[in-house]
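Scroll down for the structure; my scribbles are underneath it.
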Amino acid sequence: MRIFDPHIHMTSRTTDDYEAMYAAGVRAVVEPSFWLGQPRTSPASFFDYFDSLLGWEPFRAAQYGIAHHCTLALNPKEAGDPRCTPVLDALPRYLVKDNVVAVGEIGYDSMTPAEDTALAAQLQMAADHGLPALVHTPHRDKLAGLRRTLDVVRESALPVERVLIDHLNETTVKEAKDSGAWLGFSVYPDTKMDEERMVAILRAYGPEQVLVNSAADWGRSDPLKTRKVADLMLAEGFSEDDVDRVLWRNPVAFYGLSGRLTLDVTAPEATHEGNSILRGQPRDEPAPDTADATGA
């Protein structure tokens, strides 16, 4: 089984997670830039973070045979903080990087005018750079948030067919599907979706344009939720082809819209930014075989 987790925050995870994910079949991930929990106080902290998503995390993932890409943006949680909004001026120079496969996470947290401005600006950047967009729907008032998001998308230069609406649930899935957008579901303990609800949605709405992610981060989360959904799909009568479509081919198709998705994994260099230790890899042991990390 091959798995692509299209939304996971590996900056918050350990190398043990990478090892467990590889053993579970994960061969590719996309890491969206997001709120780190502690509010940032200057744009420079974003830039260091973006650089780590473009350099250190792909280096770390490659040690375990996992292809790592990212999406970059000013996230909704901090879009209203005037200390952070200058990030929007600098973002275009990051969006030209090869490893960036979408603009994201963008969208709404509290549905404020400042969030309206940041969302519209970053949808325009996605259109300007030929990138799709990963859109976060708010944790509160989800249906209102979805409708407001879709209104802004429809007013933008970015076609809705190049937008992934994430953190959907039973309340929002029908309108999101009817819009023509790609459908993202986060399977996350206690909040968002669980495996059983996810499989029920797949049974009701089908696997077309559906992406399932773990959204694993610094909270109580599980980077193996994608595998658990796949296992339950098989147990509930879905075919192996259905599983491959949802857990691999759909994320490949969406992020492939960027023209930058590369699923080959090569052994990392001996050093990264002066770090001479492949942390997490036992000394004198070869890296995992990455021959099966490609696919379409």
Side-chain angles (χ1 to χ4, degrees), residues 6-7 30-36 39-40 42-43 45-47 49-50 53 69-97 100-168 171-173 175-184 186 209 211 215 254-255 257-260:
H7 184 152
V30 166
E31 179 162 359
S33 56
F34 81 135
W35 181 57
L36 296 181
R40 296 176 179 93
S42 74
S45 61
F46 279 87
F47 305 149
Y49 172 52
F50 292 167
L53 296 184
H69 293 79
C70 66
T71 76
L72 300 181
L74 173 61
N75 68 81
K77 184 74 172 177
E78 294 173 294
D81 188 333
R83 297 174 299 179
C84 301
T85 51
V87 170
L88 293 172
D89 296 326
L91 191 58
R93 69 184 172 92
Y94 283 94
L95 297 181
V96 299
K97 303 292 186 180
V100 179
V101 292
V103 176
E105 297 178 55
I106 58 178
Y108 288 111
D109 178 60
S110 300
M111 290 185 280
T112 64
E115 291 171 21
D116 286 330
T117 299
L119 174 57
Q122 292 180 101
L123 287 169
Q124 184 63 53
M125 289 183 204
D128 291 344
H129 287 81
L131 293 172
L134 170 62
V135 177
H136 164 104
T137 51
H139 301 300
R140 306 169 299 279
D141 299 324
K142 291 192 75 69
L143 187 57
L146 172 70
R147 290 170 174 169
R148 188 160 171 175
T149 297
L150 290 173
D151 285 344
V152 177
V153 169
R154 289 171 180 136
E155 293 170 359
S156 78
L158 189 69
V160 69
E161 296 81 9
R162 294 178 65 85
V163 174
L164 170 59
I165 307 290
D166 214 343
H167 309 318
L168 295 173
T171 303
T172 52
V173 57
E175 290 195 30
K177 184 177 178 67
D178 290 346
S179 76
W182 293 74
L183 313 176
S186 299
Q209 293 190 209
L211 284 73
F254 176 73
Y255 288 114
L257 294 173
S258 68
R260 301 176 183 175

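Fair warning: this is a prediction, and the values are worked out from it, not measured in the lab.
- Considering only residues two or more places apart in sequence or on other chains, Glu31 meets the side chain to side chain donor-acceptor pair (under 3.5 Å) condition with Thr11, His68.
- In this structure, the side chains of Tyr49 and Leu72 stay at 4.5 Å or more apart for every pair of heavy atoms.
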Taking distance alone, no hydrogens or angles, what donor-acceptor pairs closer than 3.5 Å link side-chain atoms of residues 123-134 to residues at least two apart or in another chain?
from	atom 1	to	atom 2	distance (Å)
Gln124	NE2	Asp128	OD1	2.8
His129	ND1	Met125	O	2.9

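- A heavy-atom distance below 4.5 Å is found between the side chains of Val152 and Tyr108.
- At a threshold of 4.5 Å between non-hydrogen side-chain atoms, the residues Leu91 and Phe50 count as touching.
- Expressed to the nearest 0.5 Å, how far CG of Leu158 lies from CD of Glu161 amounts to 9.0 Å.
- Arg260 places no side-chain N or O within 3.5 Å of a backbone atom of Val101 that could act as its donor or acceptor partner.
- The CG atom of Asn75 lies 8.0 Å from the SG atom of Cys84; values are rounded to the nearest 0.5 Å.
- Of the possible donor and acceptor atoms, one in the side chain of Ser33 sits under 3.5 Å from a partner among the backbone N and O of Gly104.
- The shortest distance between side-chain heavy atoms of Val30 and Phe254 does not fall below 4.5 Å.
- Applying the salt bridge (charged side-chain N to carboxylate O under 4.0 Å, His left out) rule to pairs touching residues 138-149 yields Asp109-Arg140, Asp116-Arg148, Arg147-Glu175, sequence neighbours excluded.
- The CD atom of Glu78 sits 4.5 Å away from the CZ atom of Arg40 when rounded to the nearest 0.5 Å.
- With sequence neighbours excluded, no residue forms a side chain to side chain donor-acceptor pair (under 3.5 Å) with Lys177.
- Rounding to the nearest 0.5 Å places CD of Glu105 at 10.0 Å from CG of Leu164.
- Not counting sequence neighbours, Tyr255 has no partner by the side chain to side chain donor-acceptor pair (under 3.5 Å) test.
- Side-chain contact, Ser186 with His167: a donor N or O sits under 3.5 Å from an acceptor N or O.
- Looking at Phe34 and His7, their side chains never come closer than 4.5 Å, going by heavy atoms from C-beta outward.
- Distance check, rounded to the nearest 0.5 Å: OG of Ser45 to CG of Leu36 gives 8.0 Å.
- Asp151 pairs by the side chain to side chain donor-acceptor pair (under 3.5 Å) definition with nothing, not counting sequence neighbours.
- Residues Cys70 and Lys97 have side chains not in contact (no heavy-atom distance under 4.5 Å, counting atoms from C-beta outward).
- For the atom pair CG of Leu74 and OG1 of Thr117, the computed distance is 11.0 Å after rounding to the nearest 0.5 Å.
- For Gln122 (side chain) and Ala73 (main-chain N/O), no donor-acceptor pair under 3.5 Å exists by modelled atom type.
- The side-chain contact (heavy atoms from CB on, under 4.5 Å) test with Trp182 singles out one residue from Leu257, Asp166, Val163, and that residue is Leu257.
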